Amino acid sequence: MKDHEIPHLSDLDRLTETLIGPETAMPHDASSVPIFQTSSFLFDRYEDMAAVFAGQSDRYIYTRGNNPTVAELEALIARMEGVEAARGFASGMAAIASAVLPFVEAGSRVVAVNNLYSDAFRLFECVLKKFGVTTDYVDGTDTEAVLAALPGASLIYLESPTSWSFTTQDLRAIGAEARRLGVVSVIDNSWATPLFQRPAEFGIDLIVHAASKYLAGHSDTIAGLVAGPKALMDRINHEAYHYLGGKMSPFDAWLVLRGMRSLHLRMARHCANGLASGRALSAHPAVTHVRHPAFEANPGNACLSGYGGLFAFDLDDSVDIARFTNALRVVKIGVSWGGPESLVIPAQAALGLSGAANVFQRFGTPAGSVRIAAGLEQTETLVEDVLNAIEEGRR
Ligand SMILES: Cc1ncc(COP(=O)(O)O)c(C=O)c1O
């Protein structure tokens, strides 16, 4: 895909039938997946229960382990990512922690990309470090540097594009080298969704989603997913998932499933709104940098067949950040992204993030940077709002 282009509809349509689902027959021929809001499942006979405990039957027993509504979503994401299996978690962070923990131990070294999501950074810096796992951070756009960091590592943690800097990594080169060296590769694919990037096709092992974002898409739930080959998913099942207990609830799975039935339509608008506002900002004299894969050549751009609507731009000194933010009428001030409403976070506010291990300070996010999540509003309304706010923010 060329820069500034809206993805070709056939890319979106390819997986649309899968999205519209449900793929399997539902009880009473329901046209959507029912919510199985139950903690446990009953057995008629002793032998049925004994068979489950002996691993000879995979019927449902307890919702922290498995649940039909959650299983339907797990099967859907595995199909879309083109991998064997998936698991639903209570949040994107529960998914990230469970994708990492089974593959590290005291003395392990992790390689992670610079400018990763703030709480993933804290997982490495505030939790894993305590247990003797160290993390080296590399510039993901420097493929040679990433490959050079791999020997001796247990795991590489990728986000393509990264949070806030929105730079991409060469997934094919990194995936191949990680496999050759036996390093488990994990990627956060929440931004692109499987509609616009399928990391398994490039040799990445485990794919994490903050389903709270585009997959659910309505700012009404927190959920996470991990997808990958059965052998690695079994490790996650046996060494993290059951015991950490961060299972996705049936109701949250149902919200994600419902959201995903329109994912292709929403992603086309998020993509178009992100590109239109990025283009308008690129042309503005007070904007020094637009951080969006369509506006910067980076090694992993070719892995993307479309764009999310989340990106950042840097304002110069002529704009008062607080006045700009307060002048926005359509775009709201708030964290998160992936829902219908456009949202901003000014870096100036985030630089003061309390608690240990501040990712913004660690990777030098410029104070004039603003992260914007382009939502589903009319494109012209959104662009006009951002440009007006810059004018009102001028000192
Ligand atoms: C890129 C990215 N990954 C993961 C997460 C974590 O997801 P959750 O909030 O569902 O734990 C977020 C949340 O903002 C995110 O932006």
Side-chain angles (χ1 to χ4, degrees), residues 70 73 77 86-101 112-124 126-127 140 157-169 186-194 196-197 199 204 206-227 240 244-249 251-253 255-256 259-260 270 274 291-293 300 304 307-312 332-339 341-345 347 349-350 353 355 357-360 363 365 369 371-375:
V70 184
L73 172 61
I77 201 76
R87 268 290 175 221
F89 291 88
S91 67
M93 275 314 300
I96 291 169
S98 299
V100 170
L101 281 175
V113 284
N114 291 351
N115 290 298
L116 70 171
Y117 170 58
S118 55
D119 282 341
F121 177 66
R122 283 182 165 162
L123 172 70
F124 294 125
C126 304
V127 182
Y157 186 81
L158 306 166
E159 270 182 29
S160 194
T162 44
S163 291
W164 215 291
S165 60
F166 299 96
T167 53
T168 59
Q169 298 108 58
V186 179
I187 188 169
D188 184 332
N189 200 32
S190 314
W191 187 91
T193 82
F196 292 154
Q197 180 167 263
I204 302 299
L206 290 170
I207 301 142
V208 171
H209 284 283
S212 328
K213 315 297 179 191
Y214 289 136
L215 298 186
H218 291 73
S219 309
D220 54 10
T221 186
I222 300 288
L225 289 152
V226 184
L244 297 180
K247 173 72 180 172
M248 185 187 289
S249 76
F251 182 58
D252 288 320
L255 284 170
V256 179
M260 284 181 72
H270 284 299
R291 300 169 189 273
H292 183 304
L304 292 165
Y307 304 114
L310 182 75
F311 67 102
K332 311 279 187 291
I333 308 167
V335 298
S336 199
W337 49 278
E341 64 288 331
S342 293
L343 293 168
V344 287
I345 309 180
L353 193 70
N358 185 325
V359 78
F360 303 101
F363 296 110
T365 309
S369 204
R371 192 188 79 171
I372 180 161

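We number each residue from 1, following the sequence as shown. Predicted model only: the values in this text are computed from it and were never measured. First listed ligand is number 1; within each ligand, the first listed atom is number 1.
Ring orientation note: the planes of F360 and W164 are nearly perpendicular, at an angle over 60° on the 30°/60° scale.
Of the protein's non-hydrogen atoms, the one nearest atom 1 (C) of ligand 1 is D188 OD2, 3.5 Å. W337 NE1, 2.9 Å is the protein heavy atom nearest to atom 16 (O) of ligand 1. Among protein heavy atoms, atom 8 (P) of ligand 1 sits closest to G92 N, 3.4 Å. The single protein non-hydrogen atom nearest to atom 7 (O) of ligand 1 is A210 CB, 3.3 Å, given as residue, atom name and distance. Remark: minimum distance from atom 5 (C) of ligand 1 to any protein heavy atom is reached at Y117 CE2, 3.4 Å. At the shortest separation from atom 10 (O) of ligand 1 among protein heavy atoms lies S212 OG, 2.5 Å. For atom 14 (O) of ligand 1, the closest non-hydrogen atom of the protein is K213 NZ, 2.8 Å. Atom 11 (O) of ligand 1 has M93 N, 2.8 Å as its closest protein atom, hydrogens excluded (heavy atom only).
Between the CG atom of N189 and the CG atom of L206 there is a distance of 12.5 Å, given to the nearest 0.5 Å. The distance from the OG atom of S163 to the CG atom of L310 is 7.5 Å, given to the nearest 0.5 Å.
Contact atoms of ligand 1 toward I222: 10 (O) (distance under 4.0 Å to a heavy atom of the residue). Applying the 4.0 Å criterion to heavy atoms of S91 picks out, from ligand 1, the atoms 10 (O), 11 (O).
Residue contact annotation: S336 has no non-hydrogen atom under 4.0 Å from ligand 1. Residue contact annotation: W191 has no non-hydrogen atom under 4.0 Å from ligand 1.
When ring centroids are compared, W337 and Y214 come within the 6.0 Å threshold.
Within the 4.0 Å heavy-atom criterion, the part of S163 lying near ligand 1 is the side chain and not the backbone.
Proximity of a side-chain donor or acceptor of S190 to a complementary backbone N or O of H209 within less than 3.5 Å is not detected. Listed for the Q197 side chain is a donor-acceptor partner under 3.5 Å among the backbone atoms of S160.
Of all non-hydrogen atoms in L123 and A97, the two that sit nearest each other are CD2-CA, 3.8 Å. Across all non-hydrogen atoms, the minimal contact from V208 to A95 is CG1-CB, 4.1 Å.
With T167 as the fixed residue, the side chain to side chain donor-acceptor pair (under 3.5 Å) test singles out one of N115, N114, T162: T162.
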